Asker: 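The structure is given below, and queries will be raised subsequently.
All of these numbers come straight from a predicted model, not from anything done at the bench.
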There are 2 protein chains.
Amino acid sequence: MSTQSVVTAIRVLEAVSDNQPAGLSELSREVDVPKATVLRMLRTLAELGWVAQSEAQASKWVLTNHAFAVASRGSSGSVIRDAAMGPLNALQLDTTETVHLAVPDRGYMLIIERLDTPHVLRAFLPLGSRLPMHASSTGMAYLSAADDAFVDEYLAGPLEALTPQTVVDPARLRAMIADTRARGYSINEQGLSTGITSIGVPLLGSGGVAAGSISISGPSSRIVPAKYEEYGEAAAGTALEISRALGAFSTKGY
Amino acid sequence: MSTQSVVTAIRVLEAVSDNQPAGLSELSREVDVPKATVLRMLRTLAELGWVAQSEAQASKWVLTNHAFAVASRGSSGSVIRDAAMGPLNALQLDTTETVHLAVPDRGYMLIIERLDTPHVLRAFLPLGSRLPMHASSTGMAYLSAADDAFVDEYLAGPLEALTPQTVVDPARLRAMIADTRARGYSINEQGLSTGITSIGVPLLGSGGVAAGSISISGPSSRIVPAKYEEYGEAAAGTALEISRALGAFSTKGY
DNA sequence: ACCAACGGTTCATCCAGTGAACCAGCAAAG
DNA sequence: CTTTGCTGGTTCACTGGATGAACCGTTGGT
């Protein structure tokens, strides 16, 4: 691999992000690079304004919000976001529940947008959260549209349980994916967070490949089974609109 | 400056972020580094999953959402966010308007959180947006709490007008900052975006230094002068609560 | 047909990055 | 009150990875 100092620097950056606030030795171990090198990277990144010593405990390192500012303009982010926000907004107003927009990132679903419910009881998920695919409605929706090879690989990996309700058995997950395909939407009952139920639908990008997903989430007391079909179909309609805008069904070209 | 290849890589990354989708020569000019080097950096960053060739036009480079995922956990972000979300949530429910949480980043206000209004007519600002300080209520609120040296420096720089209503005259801006100080909240009438009015209040971090700001925004048809005082005071109360949580008025230590 | 831009490649030169060994400080263990 | 083992941080000789001028093939405007 080329430009190894850059590779090291980025790996340090990611390690900081994961261990927030992170100590020097800790990072050195994590990245498996001598402390001297890690420190040099941290200093350089600090000069550039991407990391800083924590105010609380100096000599602990943290990411700055400048990093957030620079990275916020995610590409496939932008394209999908632009296509999705209009329809998503309408969906939120229709259902009055929180809606999320998520895209895949290294085996997780990354929440890139959120529109809030006006209800006092709110599902809360900060932007930038990464959710395990098997434990979220967005993830299962994405898997239902992803190609088989990807699904096989994902299910072969370790599957963590986030709540007692999280399904981690690959066979059951496969069945749930099949149900999602048949039904058009996924259902997650408290598998991500106790008390939260959500319904997800996949988005297709150009060429019809899975590009992300949207979901409707709320407290399990409000998102009851009687509403699944209504919400699922509303979300599916919205997803269709977005996928169309992304050129999923475009005939031109190729 | 040390580890210059890392510096170059990050500068390339920021250039990509700013020019999205960016071509090779363009980036080379922007960063003032030979094309060969820029390309090497792009390839390395691509291997790491931070940038990718645009799907639309190959040989144009874009940021990936992985960059967003890593950088989302901004530190001072996190601390402020944790302290702010509770009170902000209450503020949003009280006013039913969109509320924003912003922190300073290199002369701009960076929007790090948003809670939406249930109204159909919505002010819309994607997370990660950077707003000029003089053109936003969050920015003016921040300036009203920042030290004089910072304000002088900011006002000395070029001040762009985003709408016909944007105030760019330093003298008038100074007067507005003084008003904001006296009143406790800033008012921005369509200076950022036509049809949008917003009200901002600064947040103080530990030691009482300006750390960010919050705002209430909505269509100018709804956020009318008759409501300024009500909203301003509600926001000021919320800000006080957050600042207190951040240790702005703590007596211990030092 | 021309020219000027583009994206991308090559390779000799040499300086920037590397990492083992080193301090000083701190906290728990003996 | 030592000892041990951790911490964050520093030093410096060595060398291999990063550099950038010059190159190529292609594309698009006139």
Side-chain angles (χ1 to χ4, degrees), chain A residues 1-64 67 75-76 79 252-254, chain B residues 1-64 67 75-76 79 253:
Chain A
M1 200 182 288
S2 55
T3 51
Q4 46 141 305
S5 75
V6 173
V7 173
T8 308
I10 297 288
R11 291 185 57 219
V12 168
L13 192 66
E14 302 203 359
V16 171
S17 168
D18 286 338
N19 299 58
Q20 200 106 122
L24 178 59
S25 304
E26 186 182 356
L27 292 170
S28 170
R29 254 177 280 115
E30 195 84 22
V31 181
D32 195 30
V33 151
K35 283 188 296 179
T37 303
V38 172
L39 186 59
R40 204 153 17 82
M41 294 310 172
L42 287 171
R43 292 230 170 97
T44 304
L45 291 169
E47 278 177 43
L48 294 161
W50 281 63
V51 303
Q53 318 255 66
S54 162
E55 284 183 28
Q57 335 165 42
S59 86
K60 289 282 180 182
W61 299 81
V62 290
L63 286 188
T64 64
S75 63
S76 49
V79 176
K252 74 170 178 217
Y254 304 101
Chain B
M1 200 184 288
S2 56
T3 51
Q4 46 140 305
S5 75
V6 173
V7 174
T8 307
I10 296 288
R11 291 185 56 218
V12 167
L13 191 67
E14 301 203 358
V16 170
S17 168
D18 285 339
N19 299 58
Q20 198 100 172
L24 179 60
S25 302
E26 185 182 358
L27 292 170
S28 169
R29 252 178 281 115
E30 195 82 23
V31 181
D32 195 30
V33 152
K35 283 188 296 178
T37 303
V38 171
L39 187 59
R40 204 152 19 80
M41 295 310 173
L42 286 171
R43 293 229 169 97
T44 304
L45 291 169
E47 277 176 47
L48 294 162
W50 282 63
V51 303
Q53 317 255 69
S54 162
E55 284 181 27
Q57 335 164 41
S59 85
K60 289 282 182 183
W61 297 82
V62 292
L63 285 188
T64 64
S75 63
S76 50
V79 177

Asker: Return each pair, listed once, that meets salt bridge (charged side-chain N to carboxylate O under 4.0 Å, His left out) where at least one residue sits in residues 20-36 of chain B; pairs must be two or more places apart or across chains.
Answerer: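 Sorted pair list comes back empty.
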Asker: Quick check against the 3.5 Å criterion: does B:S54 have a side-chain atom that pairs as donor or acceptor with the backbone of B:W61?
Answerer: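 No: the side chain of B:S54 does not pair with the backbone of B:W61.
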Asker: Please report the distance, rounded to the nearest Å, between CG in B:N19 and P in C:dG7.
Answerer: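 Between P of C:dG7 and CG of B:N19: 12 Å.
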Asker: With respect to the phosphate group of C:dG7, does any side-chain polar atom (N or O) of B:S25 fall under 4.0 Å of OP1 or OP2?
Answerer: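 Yes, because at least one side-chain N or O of B:S25 sits under 4.0 Å from OP1 or OP2 of C:dG7.
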Asker: Under 4.5 Å between any side-chain heavy atoms of B:L63 and B:S17, yes or no?
Answerer: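 Yes, their side chains come closer than 4.5 Å.
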Asker: Take atom CG of B:L42 and atom P of D:dT19, then tell me their distance rounded to the nearest Å.
Answerer: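 Checked: the CG to P distance equals 13 Å.
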Asker: Do any side-chain nitrogens or oxygens of A:R40 fall under 4.0 Å of OP1 or OP2 in C:dT18?
Answerer: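 Indeed, a polar side-chain atom of A:R40 lies that close.
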Asker: Expressed in angstrom and rounded to an integer, what is the separation of B:K60 atom NZ from D:dT27 atom P?
Answerer: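 Rounding to the nearest Å, NZ of B:K60 and P of D:dT27 are 16 Å apart.
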Asker: Can you tabulate the close N/O pairs, meaning under 3.5 Å, that link protein atoms to atoms of nucleotides 24-26 of chain C?
Answerer:
none

Asker: Would B:L42 and B:V16 satisfy side-chain contact (heavy atoms from CB on, under 4.5 Å), going step by step from the backbone distance to the final call?
Answerer: CA-CA 9 Å; B:L42 286 171; B:V16 170; 3.9 Å; yes
Asker: Does B:G49 offer a backbone N or O that forms a donor-acceptor pair with the side chain of B:T64 under 3.5 Å?
Answerer: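 Judged by distance alone, yes, a pair lies under 3.5 Å.
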Asker: Taking only N and O in the side chain of B:Q4, is any of them less than 4.0 Å away from OP1 or OP2 of C:dC15?
Answerer: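 Answer is no, no contact under 4.0 Å.
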Asker: Closest heavy-atom contact between A:V6 and B:S5?
Answerer: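 Heavy atoms of A:V6 and B:S5 come nearest at CG2-O, 3.5 Å.
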Asker: Between the axis at one end of the helix from C:dC3-D:dG28 to C:dG30-D:dC1 and the axis at the other (five pairs apiece), what's the angle to 10 degrees?
Answerer: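 Inter-axis angle at the ends, rounded: 40°.
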Asker: Residues from residues 29-39 of chain A sitting under 4.0 Å of DNA chain D, heavy atoms only?
Answerer: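 Of all residues in residues 29-39 of chain A, the ones placing a heavy atom under 4.0 Å from DNA chain D are A:R29, A:K35, A:A36, A:L39.
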Asker: Considering non-hydrogen atoms only, spot the tightest contact between B:A9 and B:L45 and give its length.
Answerer: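 Result for this residue pair: O-CD1, 3.8 Å.
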Asker: For a side chain to side chain contact (heavy atoms under 4.5 Å, CB included) with A:L27, tell me which candidate from A:L39, A:V38, A:D18 qualifies.
Answerer: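 Of all the options given, the one that passes is A:V38.
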Asker: Whole Å only: how far is the CG atom of B:L27 from the P atom of C:dG8?
Answerer: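 Rounded to the whole Å, the gap is 11 Å.
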Asker: Say whether, by atom type as modelled, one donor and one acceptor occur between the side chain of A:T8 and the main chain of A:Q4 under 3.5 angstrom.
Answerer: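 Checking the backbone N and O of A:Q4 against the side chain of A:T8, a donor-acceptor pair under 3.5 Å is found.
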Asker: Round to a whole Å and report the spacing from CG of B:L24 to P of D:dG20.
Answerer: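 So the two atoms are 15 Å apart, to the nearest Å.
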Asker: In whole Å, I'd like the distance from the CZ atom of B:R43 to the C1' atom of C:dG7.
Answerer: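 Checked: the CZ to C1' distance equals 9 Å.
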Asker: Mind calculating the distance between CD (A:E26) and C1' (D:dG9) to the nearest angstrom?
Answerer: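 After rounding, the reported distance stands at 16 Å.
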Asker: Which residues pass the salt bridge (Lys or Arg N to Asp or Glu O under 4.0 Å) test with A:E14, sequence neighbours left out?
Answerer: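 In terms of salt bridge (Lys or Arg N to Asp or Glu O under 4.0 Å), with neighbours along the sequence ignored, A:E14 is linked to A:R106.
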Asker: List in chain and number order the residues that pass side chain to side chain contact (heavy atoms under 4.5 Å, CB included) with A:A36, two or more places apart in sequence or in another chain; answer none if no residue qualifies.
Answerer: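 None.
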